[in-house]
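Working notes, beginning with the structure itself.
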2 protein chains.
Amino acid sequence: MSPSPAVSPLLDDQICFALYNASRALTARYRPLLDPLGLTYPQYLALLVLWEEGPSTVLHLGERLMLDSGTLSPLVRRLEGAGLVTRMRLPEDERSVLITLTEAGDRLRERTAGIQSQICGATGLDLPDLHALRDQIADVSAHVRETAQP
Amino acid sequence: MSPSPAVSPLLDDQICFALYNASRALTARYRPLLDPLGLTYPQYLALLVLWEEGPSTVLHLGERLMLDSGTLSPLVRRLEGAGLVTRMRLPEDERSVLITLTEAGDRLRERTAGIQSQICGATGLDLPDLHALRDQIADVSAHVRETAQP
DNA sequence: TTCTTTTTCATTGTGCACAATTTAACGGCG
DNA sequence: CGCCGTTAAATTGTGCACAATGAAAAAGAA
């Protein structure tokens, strides 16, 4: 082991590169599980919110997923094209678009039943370790967002 | 706190969502640091490899960054357009393209000096914790790739 | 050598991310 | 009421990721 400087610029030392790789690796691991359902990973995330929390506006989806309308508008349009959700302007506020699961979108939930355990298994960690790691990562994430420069 | 099932499908419980968010948050944190240099984060990663390891083929870059030619070809073309690298077919193997830093590309390295410490500071962790977390994430990443289904 | 397979890179097409702008609707406020 | 700043989505444009395909060169087999 060579001694490393206090803050190394080496590629493999970078926390961001590790996160970037891990995120892509896990998303790739989801792909063969989601492909049969006709979903991408971001589409699956949007459905998770709808399954958990019911009809949501684009704004609400964006807050939960940390995504803006530039990403969500076309994504939701594709979910609508697949017959999984409907879009409706709110009568009480015509600016907002309420996204609601269709019957097909609701039923799709059952077919995602085994996905989580497969993903957790692929990480090679047991549940306590996985939860601890997830919390650490979430803390870093929150801290990075808080220290964003104006 | 409500008791959670063994493997929760809830959005906020998911390790992948945490990784996905953290990766985007850190990349966003890099953006104002890299914008003045005219670089994106993936372009910065490619330059890191070239700064560390010298002239590299597209294949070598791809192995280091876990990216394929479909991503790297246009990325390298943009680096070439910015005058930071040159591309040359290897005389001994005309299939391979060697990417070499130009003077400008080499000099750019100096202007990235303070970036790492700023990013590390933004995570809110000290160096030992940061290294431990990075290693854990890299382990998960490697395990996920190993357990990819055929 | 000739034929076949593999390797390396580029290209095409789809779907995110995200900045910047636009459009329409809402909420005051005079 | 008309005016104005704000807000919610959508749109536009750029740059990744990645699957799939194509093209050219190299390596091997017959």
Side-chain angles (χ1 to χ4, degrees), chain A residues 16-17 19-32 34-35 38-47 56-63 65-82 85 87-99 145 148, chain B residues 16-17 19-32 34-35 38-47 56-63 65-82 85 87-99 145 148:
Chain A
C16 186
F17 184 58
L19 285 168
Y20 164 77
N21 273 332
S23 177
R24 285 192 298 132
L26 263 176
T27 302
R29 194 65 179 64
Y30 269 99
R31 201 163 294 121
L34 293 175
D35 264 351
L39 295 176
T40 64
Y41 181 67
Q43 288 167 12
Y44 170 68
L45 291 181
L47 290 181
S56 306
T57 62
V58 173
L59 189 66
H60 178 71
L61 270 186
E63 284 166 353
L65 303 180
M66 309 273 220
L67 292 170
D68 66 8
S69 70
T71 300
L72 288 175
S73 283
L75 185 152
V76 169
R77 197 194 337 281
R78 282 184 280 269
L79 290 180
E80 189 185 30
V85 304
R87 284 145 26 99
M88 185 188 68
R89 293 273 167 187
L90 284 183
E92 67 269 27
D93 186 344
E94 291 279 340
R95 290 171 303 183
S96 297
V97 168
L98 191 72
I99 299 149
R145 288 185 204 276
Chain B
C16 186
F17 184 57
L19 285 167
Y20 164 77
N21 273 333
S23 177
R24 285 193 297 134
L26 262 176
T27 302
R29 195 65 179 66
Y30 269 98
R31 200 163 294 120
L34 293 176
D35 264 351
L39 295 176
T40 65
Y41 181 67
Q43 288 168 10
Y44 171 67
L45 291 181
L47 291 181
S56 306
T57 62
V58 173
L59 188 67
H60 178 71
L61 269 186
E63 284 167 352
L65 303 180
M66 311 272 222
L67 292 170
D68 66 7
S69 70
T71 300
L72 287 176
S73 283
L75 186 152
V76 169
R77 195 190 349 275
R78 281 184 279 270
L79 289 179
E80 189 184 29
V85 305
R87 284 144 30 98
M88 186 189 66
R89 293 271 167 190
L90 284 184
E92 66 268 28
D93 186 343
E94 291 278 340
R95 291 172 301 183
S96 298
V97 168
L98 191 72
I99 299 147
R145 288 185 204 275

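Note that this is a predicted model, so its numbers are computed, not measured. Each chain gets a letter, A, B and so on, in the order its sequence line appears, and its residues count up from 1.
The CE-P distance, from B:Met66 to D:dA17, rounds to 14 Å in whole Å. In this entry the distance linking CG of B:Asp68 with P of C:dT8 reads 14 Å, nearest Å. For the pair A:Leu75 CG and C:dT14 C1', the computed distance is 13 Å after rounding to whole Å. Atom C1' of nucleotide C:dT7 and atom CG of B:Leu59 are separated by 9 Å, given to the nearest angstrom. C:dT14 atom P lies 15 Å from atom CG of A:Asp35, rounded to whole Å. Protein atom CD of A:Gln43 is 14 Å distant from nucleotide atom P of C:dT14, rounded to whole Å. Atom C1' of nucleotide C:dA17 and atom OH of A:Tyr41 are separated by 15 Å, given to the nearest angstrom. Nucleotide C:dT8 holds its P atom 14 Å from the CG atom of B:Leu98, rounded to whole Å.
Using modelled atom types, no side-chain atom of A:Asp35 and backbone atom of A:Gly38 make a donor-acceptor pair closer than 3.5 Å. Between the side chain of A:Ser23 and the backbone N or O of A:Leu19 there is no donor-acceptor pair closer than 3.5 Å.
Between B:Tyr20 and C:dA17 there is a side-chain polar atom (N or O) within less than 4.0 angstrom of OP1 or OP2. Within the structure, a side-chain polar atom (N or O) of B:Thr40 is placed less than 4.0 Å from OP1 or OP2 of D:dC16. For the pair B:Arg77 and C:dT11, the criterion of a side-chain N or O lying under 4.0 Å from OP1 or OP2 is met. Considering only side-chain N and O atoms, A:Arg31 lies nowhere under 4.0 angstrom from the phosphate OP1 or OP2 of D:dA17. The shortest distance between the side-chain N/O atoms of A:Thr71 and the OP1/OP2 oxygens of C:dA17 is not below 4.0 Å. An OP1 or OP2 oxygen of D:dA9 is reached within less than 4.0 angstrom by a side-chain nitrogen or oxygen of A:Thr57. Contact annotation: B:Arg24 side-chain N/O to D:dC16 OP1/OP2 distance is not under 4.0 Å. OP1 or OP2 of C:dC16 lies within a sub-4.0 Å distance of a side-chain N or O belonging to A:Arg78.
Of the two residues near DNA chain D, A:Gly70 and B:Ser69, the one whose nearest nucleotide lies more 5' is A:Gly70.
The distance from the OG atom of B:Ser56 to the CG atom of B:Leu72 is 11.0 Å, given to the nearest 0.5 Å.
Listed here is the closest heavy atom pair of A:Arg95 and A:Arg89: O-NH1, 2.9 Å. Across A:Cys16 and B:Leu26, no two heavy atoms sit closer than the pair SG-CB, 3.7 Å. Nearest heavy-atom pair across B:Leu75 and B:Gln43 is CG-CG, 3.9 Å.
The side chain of B:Arg89 sits closest to C:dA10 out of C:dA10, D:dT11, C:dC18. Nearest nucleotide to the B:Leu67 side chain, out of C:dT8, D:dT11, D:dA17: D:dA17.
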inquiry  = For a quick check, with a 4.0 angstrom heavy-atom cut-off, what is the B/S/- contact string for nucleotides 21-28 of chain C, read 5' to 3'?
reply    = ----BS--

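Looking at residues two or more places apart in sequence or on another chain, you find no salt bridge (Lys or Arg N to Asp or Glu O under 4.0 Å) involving B:Glu94.
Aromatic ring orientation, A:Tyr44 versus A:Tyr30: tilted (interplanar angle from 30° to 60°).
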